[in-house]
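Note sheet for the following structure.
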Amino acid sequence: MLLTLEKRLREAFSAHIADRYGATVDIVLELPRQPSHGDLATPVCFGLAKVLRRAPRQIAAELCAELPPVKGIRSLEAAGAGYVNARFDRASYAAAVFSGIEPGKDDSSKAIIEHTNINPNKAAHIGHLRNAVLGDTLVRMLRALGRRVEVQNYIDNTGVQVADVVAAFRFLRGMGVEEVRALVRDPAVRFDYCCWDLYAEISRRFADKDPKAFAWRAATLKALESGEGDLAALGAVVADAIVACHLATMRRIGVLYDVLPRESEILKLRFWSTAFELLKSRGAIRFETSGKNIGCWVMPSKMFRTSAPKGARGVAESDESAGEADGAKVIVRSNGTVTYVGKDIAYQLWKFGLLEGKEFRYVPMRELGAGAPWVTTAEGGSADAPDFGGGSEVYNVIDVRQSYLQDVVRAALEALGFQRQAERSIHFSYEMVALSPRCCAGLGIELNEKERAKAYVEVSGRKGLGVKADDLLDLLIDTALEEVRSRHAALDESECRSIAEQIAVGALRYFMLRFTRNTVIAFDFQEALAFEGETGPYVQYAAVRASNILRKHEAGQGGGQASAEVPSSRALARQLEDEQLWQLVRAMSLSRWTVARATESGEPAQVARNAFQAAQAFNNFYHQTHILKEKDPERQAVQLAIVRLALEDLSRMMHVMGVPVPVRM
RNA sequence: GCGCCCGUAGCUCAGCUGGAUAGAGCGCUUGCCUCCGGAGCAAGAGGCCGCAGGUUCGAAUCCUGCCGGGCGUACCA
């Protein structure tokens with residue numbers, strides 16, 4: 001409803017100002033911090049003042065007097081130095097939000113979101129959780145706005161990281177395919193944890209520059225890329241098993257995928273060769289015949305360096321200064337193999353449906369049950385697989401350290417003449433999750449001099465330095481479980497556990513969303529395990545309180561369903577004269593507006609923040625007002641409608657964040 | 001060197017396309033259960049918004065320059 005009124009006001013102002021003053025201006029509308037400033041306000045007169053050479057306050061007064069009536073707006077007033085404050089028709093606004101009708105957008109264009117993308121060679125850690133939570137929340141935000149979304153989780157099952165663990169199994173442990181398979185099946189072993197340690201172990205060999213290790217890596221990598229031989233088979237076993245672990249971990253926090261495109265299929269189906277021909281024929285890359293990159297196909301730096309100050313202050317921005325070649329990005333190595341960026345360019349082209357003649361085949365991962373994703377395959381495939389790829393907009397959820405490579409990918413599309421697709425290639429970046437010094441101390445991690453001086457320490461899979469996702473979740477569940485048990489002595493264990501799990505997921509997902517994307521999270525157990533203050537459980541608790549009131553009220557009524565009806569507009573008009581009740585209606589009806597704004601600005605943290613604020617407003621109301629003891633039936637009916645509204649609004653935001661809405665806690 | 005990001009309360013962070021008196025949480029101090037469950041509510045203390053200029057009616061927000069920190073800048077991914 002707020003979005004509707006915002007739109008109406010914007011259009012009304014815009015039309016009137018164009019008509020009356022012949023000026024076209026952007027109408028900025030804001031939610032005033034103070035209730036006395038009305039329900040929506042605009043500082044538009046300050047801008048007009050300049051054009052019209054008149055005092056803003058005078059224009060504001062004139063605007064208020066002359067603007068034709070706007071449906072749903074009760075009054076306009078000039079305030080402050082020249083603000084125009086609008087007040088809503090309270091009864092009609094409340095009636096609309098109570099009945100929950102809101103036009104849904106119908107957009108048939110498909111957005112593709114790629115997230116998670118964990119190398120399938122070790123257990124997922126907290127950094128991966130941030131990626132998945134951010135990506136999944138973006139998915140939920142777009143879906144909430146009516147967009148069609150396809151979720152892809154790219155599996156690099158033939159890369160160096162997998163190769164290293166495979167080499168470790170084969171050459172460090174002397175294990176073959178069958179032995180590793182047995183290990184995967186062994187219920188006493190957590191395969192992803194086992195690989196975590198193994199990966200750290202072999203990485204030490206590389207750090208020590210062990211020539212044997214480098215030979216193992218080269219041999220394994222070659223085998224993985226060709227897809228043939230024992231090492232390749234071992235690689236498939238390892239990668240598939242780890243992918244299953246990752247999917248299970250993510251499922252615990254409510255993250256699902258539509259399709260898993262794998263690098264092995266990109267190789268087998270030769271996506272790259274098509275992309276390569278395209279890049280060559282359109283002059284996007286060139287063959288180096290001299291210099292340090294001799295024998296390579298490279299993309300010249302001027303194609304992707306974003307800095308280009310577009311002839312700022314007329315300085316010769318062209319040649320010379322570039323000093324020569326030092327920025328060129330190698331796409332094809334001198335030995336003829338393609339780099340990761342090259343494969344990523346091919347993948348990005350496929351996502352937009354631009355790789356003519358190249359298409360994956362898919363099989364469903366049935367063993368994972370309901371909600372299981374499809375995975376790519378080179379041959380065969382299911383006839384009823386959906387039509388994946390071919391999106392009109394692509395979000396790549398990858399941390400900010402990959403900005404450079406993402407820029408190369410985007411530039412490649414541009415160089416190929418796919419201007420529109422380049423513009424719609426969105427690097428949904430975020431800062432890393434690091435470990436706070438206290439966290440390191442708690443984990444028993446020894447830091448060197450240099451690391452100790454820093455505010456945080458980077459997570460490192462190679463060093464085995466980090467907090468595993470499942471460990472954190474388990475710890476959260478244990479902590480919550482203790483609390484739940486102490487509150488509900490009567491509940492049985494499985495019920496307590498189910499509640500504890502919901503709280504743990506809520507706490508975790510909220511924690512990952514609280515921070516804006518470009519804030520480095522210095523991970524700290526104490527903060528992550530908090531259930532009080534600005535946390536997921538705080539928001540969940542507000543929702544639980546709301547449902548408790550409604551349940552008790554219904555019980556007191558003997559199950560009367562009449563209570564769910566929206567109060568009459570006369571009742572609303574009377575009761576909402578009460579400023580406190582009206583402010584609540586307003587505060588409890590911001591979810592759609594919030595999601596729209598958060599999506600527009602690409603900042604999921606806004607949803608978290610607003611959900612917390614809504615929960616705060618509700619908790620305050622809860623304490624001040626004893627709804628079930630209210631004597632005036634009309635007043636109580638309105639209060640109950642507000643409680644229902646609060647539950648709905650909170651639930652909507654929680655759902656977008658993937659924070660469970662518990663029935664009790 | 002070059003590019004991107006950050007510097008706001010003791011700590012961790014918000015601050016939406018410049019707008020009305022800079023806000024939360026934690027921690028600290030102090031109140032609040034004859035209650036719809038206190039994972040809560042209320043109040044208090046705590047700010048040259050890194051520094052210096054500039055643009056503007058108006059700057060935490062935009063521009064320039066410094067200072068401090070992070071990340072990137074591979075024939076790794």
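To find a chain, count down the sequence lines: A is the first, B the second, and so on, and within it residues start at 1.
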Tell me which donor-acceptor pairs under 3.5 Å the side chains of residues 23-34 of chain A have, and how far apart each pair is, sequence neighbours excluded?
{"unit_1": "A:Gln34", "atom_1": "OE1", "unit_2": "A:Ser36", "atom_2": "OG", "d": "3.3"}

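- Looking at residues 608-617 of chain A, you'll see A:Arg609, A:Phe612, A:Gln616 sit with a heavy atom under 4.0 Å from some atom of RNA chain B.
- Here A:Lys50 does not reach the OP1 or OP2 of B:G18: none of its side-chain N or O atoms lies under 4.0 Å away.
- A gap of 29 Å separates the C1' atoms of B:U29 and B:U34, to the nearest Å.
- Picking from B:C35, B:A14, B:C57 the nucleotide with the shortest atom distance to the side chain of A:Lys629 gives B:C35.
- Here the nucleotide nearest the side chain of A:Met432, chosen from B:G70, B:U17, B:C75, is B:G70.
- Taking a pair as Watson-Crick or G-U wobble with both distances under 3.5 Å, RNA chain B forms stems of 3 or more consecutive pairs at B:1-7 with B:67-73, B:10-13 with B:23-26, B:28-32 with B:40-44, B:50-54 with B:62-66.
- For a distance-only test at 3.5 Å, the side chain of A:Asn548 qualifies as a donor-acceptor partner of the base of B:G37.
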Short heteroatom pairs, N/O only, protein and nucleotides 27-30 of chain B, under 3.5 Å:
none

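- Spacing between B:G10 and B:G46 at atom P, rounded to whole Å, works out to 11 Å.
- Contacts of A:Lys7 classified as salt bridge (Lys or Arg N to Asp or Glu O under 4.0 Å), with partners at least two apart in sequence or in another chain: A:Glu11.
- Looking at heavy-atom distances under 4.0 Å, A:Asn85 makes contact with a base.
- Here, B:A43 and B:C49 have their C1' atoms 26 Å apart, quoted to the whole Å.
- If you check every strand for non-hydrogen atoms under 4.0 Å, A:Ala41 touches a base.
- Side-chain contact of A:Thr116 with A:Asn153: a donor-acceptor pair under 3.5 Å is absent, judged by distance alone.
- Ring orientation note: the planes of A:Phe214 and A:Phe206 are nearly perpendicular, at an angle over 60° on the 30°/60° scale.
- Contact annotation for A:Asn518: backbone-only contact, meaning every heavy-atom pair under 4.0 Å involves sugar-phosphate atoms and none involves a base.
- Remark: the A:Glu600 side chain and the B:U17 base include no donor-acceptor N/O pair separated by less than 3.5 Å.
- Remark: A:Arg87 CZ is packed, more than 12 non-hydrogen atoms of other residues, nucleotides or ligands lying under 6.0 Å away.
- Stacking is found between A:His37 and the pyrimidine-like six-membered ring of the B:A20 base under the 5.5 Å centre-distance and 30° plane-angle cut-offs.
- The side chain of A:Arg401 approaches B:C71 more closely than any other nucleotide in the set B:C71, B:C75, B:A20.
- For A:Cys296, whose side chain is taken as the heavy atoms from C-beta onward, the closest listed nucleotide among B:C75, B:G23, B:U73 is B:C75.
- When the P atom is used for both B:G40 and B:A22, the distance is 28 Å, rounded to whole Å.
- Using a 4.0 Å heavy-atom criterion, one finds that A:Tyr538 contacts the sugar-phosphate atoms exclusively.
- The aromatic rings of A:Trp272 and A:Phe276 lie parallel to each other, their planes meeting at an angle below 30°, with 60° marking the opposite boundary.
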Give the table of side-chain donor-acceptor pairs shorter than 3.5 Å for residues 500-514 of chain A, with sequence neighbours excluded, one pair per line with atom names and distance.
{"unit_1": "A:Arg509", "atom_1": "NE", "unit_2": "A:Met657", "atom_2": "O", "d": "2.8"}
{"unit_1": "A:Arg509", "atom_1": "NH1", "unit_2": "A:Asp136", "atom_2": "OD2", "d": "3.0"}
{"unit_1": "A:Arg509", "atom_1": "NH1", "unit_2": "A:Ile253", "atom_2": "O", "d": "2.7"}
{"unit_1": "A:Arg509", "atom_1": "NH2", "unit_2": "A:Asp136", "atom_2": "OD2", "d": "2.8"}
{"unit_1": "A:Arg509", "atom_1": "NH2", "unit_2": "A:Thr137", "atom_2": "OG1", "d": "3.4"}
{"unit_1": "A:Arg509", "atom_1": "NH2", "unit_2": "A:Met657", "atom_2": "O", "d": "3.2"}
{"unit_1": "A:Tyr510", "atom_1": "OH", "unit_2": "A:Glu534", "atom_2": "OE2", "d": "3.1"}
{"unit_1": "A:Tyr510", "atom_1": "OH", "unit_2": "A:Ala608", "atom_2": "O", "d": "2.8"}

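- Distance from the side chain of A:Arg597 is smallest to B:C16 among B:G37, B:C16, B:C71.
- Residue A:Tyr340 places none of its side-chain N or O atoms closer than 4.0 Å to OP1 or OP2 of B:A77.
- Contacts of A:Arg487 with the nucleic acid, taken as non-hydrogen atoms under 4.0 Å apart, include base atoms.
- For A:Thr519, no side-chain nitrogen or oxygen approaches OP1 or OP2 of B:C5 to under 4.0 Å.
- Counting any heavy atom pair closer than 4.0 Å across all strands shown, A:Leu29 reaches a base atom.
- Nucleotides B:C13 and B:G7, compared at atom P, are 10 Å apart to the nearest Å.
- Listed nucleotides B:A14, B:A77, B:C41 differ in distance to A:Thr339; the shortest reach to its side chain belongs to B:A77.
- No contact: A:Thr535 has no heavy atom under 4.0 Å from any strand.
- To the nearest whole angstrom, the two P atoms, one in B:C35 and one in B:G50, are 49 Å apart.
- When heavy atoms are screened at a 4.0 angstrom cut-off, A:His427 is found touching no nucleic acid atom at all.
- In terms of the side-chain contact (heavy atoms from CB on, under 4.5 Å) criterion, A:Glu532 has no residue partners (sequence neighbours excluded).
- A:Val539 comes within 4.0 angstrom of no nucleic acid atom, judged by non-hydrogen atoms across all strands.
- One P atom belongs to B:U73, the other to B:U12, and the distance between them is 28 Å to the nearest Å.
- Counting non-hydrogen atoms under 4.0 angstrom, A:Ile294 reaches a base of the nucleic acid.
- In this structure A:Thr535 satisfies the side chain to side chain donor-acceptor pair (under 3.5 Å) test with no other residue, sequence neighbours excluded.
- Residue A:Asn619 has its side chain nearest to B:C41 when only B:A77, B:C41, B:U73 are considered.
- Using a 4.0 Å heavy-atom cutoff across all strands shown, A:Val28 reaches at least one base atom of the nucleic acid.
- For A:Ile503, the side-chain atoms get nearest to B:A39 when compared with the rest of B:A77, B:A39, B:C16.
- Minimum atom distance to the side chain of A:His623 is reached by B:G40, of the listed B:U56, B:C71, B:G40.
- The side chain to side chain donor-acceptor pair (under 3.5 Å) search around A:Arg217 returns A:Asp164, not counting sequence neighbours.
- Counting non-hydrogen atoms under 4.0 angstrom, A:Ile331 reaches nothing in the nucleic acid.
- Counting any heavy atom pair closer than 4.0 Å across all strands shown, A:Leu405 reaches a base atom.
- With sequence neighbours excluded, the residues forming a side-chain contact (heavy atoms from CB on, under 4.5 Å) with A:Ala646 are A:Met588, A:Phe618, listed by chain and number.
- Comparing the same atom, C1', in B:A59 and in B:A20 gives a spacing of 14 Å after rounding to whole Å.
- Residue-level contact check: A:Phe46 touches the bases, meaning some heavy atom is under 4.0 Å from a base atom.
- For the residue pair A:Asn548 and A:Arg545, no side-chain donor N or O sits within less than 3.5 Å of a side-chain acceptor on the partner.
- Comparing atom distances between the A:Glu527 side chain and each of B:C35, B:A77, B:U12 picks out B:U12 as nearest.
- Under 3.5 Å, the side chain of A:Ser334 and the base of B:C75 form at least one donor-acceptor pair of N or O atoms.
- For A:Thr516, the side chain to side chain donor-acceptor pair (under 3.5 Å) criterion is met by A:Thr519, not counting sequence neighbours.
- Scanning for side chain to side chain donor-acceptor pair (under 3.5 Å) contacts around A:Tyr199 gives A:Gln161, A:Arg462, with sequence neighbours left out.
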